[in-house]
Amino acid sequence: GHKNLKKALAQAGAGNSSFVPHNLTLSVGLIDKPEGGRLLPRVRLIAASARRELGTESAYVEASDLSGMGPVAQAAWMGRHGIVVIAHGSRTESLLFAPPCTAVVQMFPPYRYRPGKALPLALAAGGITYTGYTGQEPGRHTWQRINSLGFNQAEKDDGHVLATPLEVGSFLPTLARAREYCLLRTSKARGHSHRQQK
């Protein structure tokens with residue numbers, strides 16, 4: 001219960017002091033839906049695309065649906081990755097444990113664009129957030145669908161993210177650059193604060 005949550009938050013906080021812009025930046029975590037998502041079956045293709053787009057064979061890609069993981073295990077999983085790709089409908093509460101400067105992109109299926117539900121958790125933890133959606137004007141598409149079908153019926157439609165491995169890989173360099181900038185800026189701010197304290 002509360003003890004596990006406190007331990008997980010403390011563990012996430014302990015990782016916050018290590019701002020290393022190298023191996024963490026090139027570690028990508030994919031969080032998929034537990035019931036038949038589309039990221040987990042494509043992890044090899046996404047990993048190949050990630051290595052090509054990031055320009056290194058050492059990029060590490062790990063996929064999970066986080067099912068069966070308690071808070072401490074979720075915090076440990078999040079702490080291993082500098083970039084996180086999360087599918088709409090997956091275990092988004094784990095974003096609470098993202099270390100600062102984690103670059104997070106949430107992928108949305110057609111007519112399901114609602115970034116206000118999960119990404120604020122990553123922002124609160126000091127992360128950098130992006131959204132992925134195929135098509136123009138995702139907000140208008142979503143609300144037109146809800147208005148025409150009603151919320152409950154719109155929710156029953158297939159919520160699978162349709163992004164291809166190439167599309168997932170194509171925006172990883174943007175996330176890596178954003179994370180590098182955040183890490184450098186944070187390191188400089190910490191160095192300035194440390195000098196002032198002396």
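Values in this document were obtained by computation on a predicted structure and should not be read as measured data.
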Participant: For residues 60-73, pull every pair meeting salt bridge (charged side-chain N to carboxylate O under 4.0 Å, His left out), keeping only residues two or more places apart or in separate chains.
Facilitator: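 Non-adjacent pairs meeting salt bridge (charged side-chain N to carboxylate O under 4.0 Å, His left out): E62-R80.
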
Participant: Under the side chain to side chain contact (heavy atoms under 4.5 Å, CB included) rule, collect the residues that match up with T56, sequence neighbours excluded.
Facilitator: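 In terms of side chain to side chain contact (heavy atoms under 4.5 Å, CB included), with neighbours along the sequence ignored, T56 is linked to L26, L54, S58, A59.
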
Participant: Nearest 0.5 Å, what's the CD1-CG distance between I128 and L175?
Facilitator: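 If we round to the nearest 0.5 Å, I128:CD1 and L175:CG are 7.5 Å apart.
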
Participant: Could you tell me which residues satisfy side chain to side chain donor-acceptor pair (under 3.5 Å) with R91, sequence neighbours excluded, listed by chain and number?
Facilitator: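 In terms of side chain to side chain donor-acceptor pair (under 3.5 Å), with neighbours along the sequence ignored, R91 is linked to E93.
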
Participant: What are the two closest non-hydrogen atoms of A125 and A98, and how far apart are they?
Facilitator: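 Looking at all heavy atoms of both residues, the shortest contact is CB-O, 3.2 Å.
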
Participant: Evaluate the side-chain proximity of S94 to I31: yes if any heavy-atom separation is below 4.5 Å, no if none is.
Facilitator: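 Side-chain contact under 4.5 Å: yes.
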
Participant: Can you tell me how far OH of Y60 sits from CD1 of I83, rounded to the nearest 0.5 angstrom?
Facilitator: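 If I round to the nearest 0.5 Å, the distance is 14.0 Å.
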
Participant: Taking I86 as the fixed residue, which of V104, L66, V105 is the one that meets the side-chain contact (heavy atoms from CB on, under 4.5 Å) rule?
Facilitator: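 For I86, the side-chain contact (heavy atoms from CB on, under 4.5 Å) test succeeds with only one of V104, L66, V105, which is V104.
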
Participant: Nearest 0.5 Å please: distance from the CG atom of L95 over to the OG atom of S90.
Facilitator: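 Going from the CG atom of L95 to the OG atom of S90 covers 8.0 Å.
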
Participant: Please give me the minimum heavy-atom distance between F97 and M78, naming the atom from each residue.
Facilitator: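 F97 and M78 have their closest heavy atoms at O-CB, 3.8 Å.
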
Participant: Give me each pair satisfying side-chain hydrogen bond (donor to acceptor under 3.5 Å, both in side chains) with a member in residues 46-55, each pair once, sequence neighbours excluded.
Facilitator: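 Not a single pair qualifies under side-chain hydrogen bond (donor to acceptor under 3.5 Å, both in side chains).
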
Participant: Taking only residues two or more places apart in sequence or in another chain, which ones pass side chain to side chain contact (heavy atoms under 4.5 Å, CB included) with R44?
Facilitator: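 For R44 there are no side chain to side chain contact (heavy atoms under 4.5 Å, CB included) partners, ignoring immediate neighbours.
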
Participant: Any side-chain heavy atom of P71 sitting closer than 4.5 Å to one from L96?
Facilitator: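 Side chain of P71 against side chain of L96, heavy atoms only: no contact under 4.5 Å found.
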
Participant: Nearest 0.5 Å, what's the CG-OG distance between D32 and S64?
Facilitator: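 Answer rounded to 0.5 Å: 9.5 Å.
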
Participant: Excluding sequence neighbours, so at least two apart, what forms side chain to side chain contact (heavy atoms under 4.5 Å, CB included) with T131?
Facilitator: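 T131 satisfies side chain to side chain contact (heavy atoms under 4.5 Å, CB included) with F108, Y113, P115, L119 once adjacent residues are dropped.
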
Participant: Looking at residues at least two apart in the chain, or sitting in another chain, which of them share a side chain to side chain contact (heavy atoms under 4.5 Å, CB included) with Y181?
Facilitator: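 Partners of Y181 under the side chain to side chain contact (heavy atoms under 4.5 Å, CB included) test: R185.
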
Participant: Can you find a heavy atom in the side chain of Q106 that is under 4.5 Å from one in the side chain of T92?
Facilitator: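 In contact.
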
Participant: How many angstroms lie between atom CG of L184 and atom CZ of R179, to the nearest 0.5 angstrom?
Facilitator: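 If we round to the nearest 0.5 Å, L184:CG and R179:CZ are 10.5 Å apart.
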
Participant: For the OG atom of S27 and the NE2 atom of H81, what is their distance to the nearest 0.5 Å?
Facilitator: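 Atom-to-atom, S27:OG and H81:NE2 are 5.0 Å apart.
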
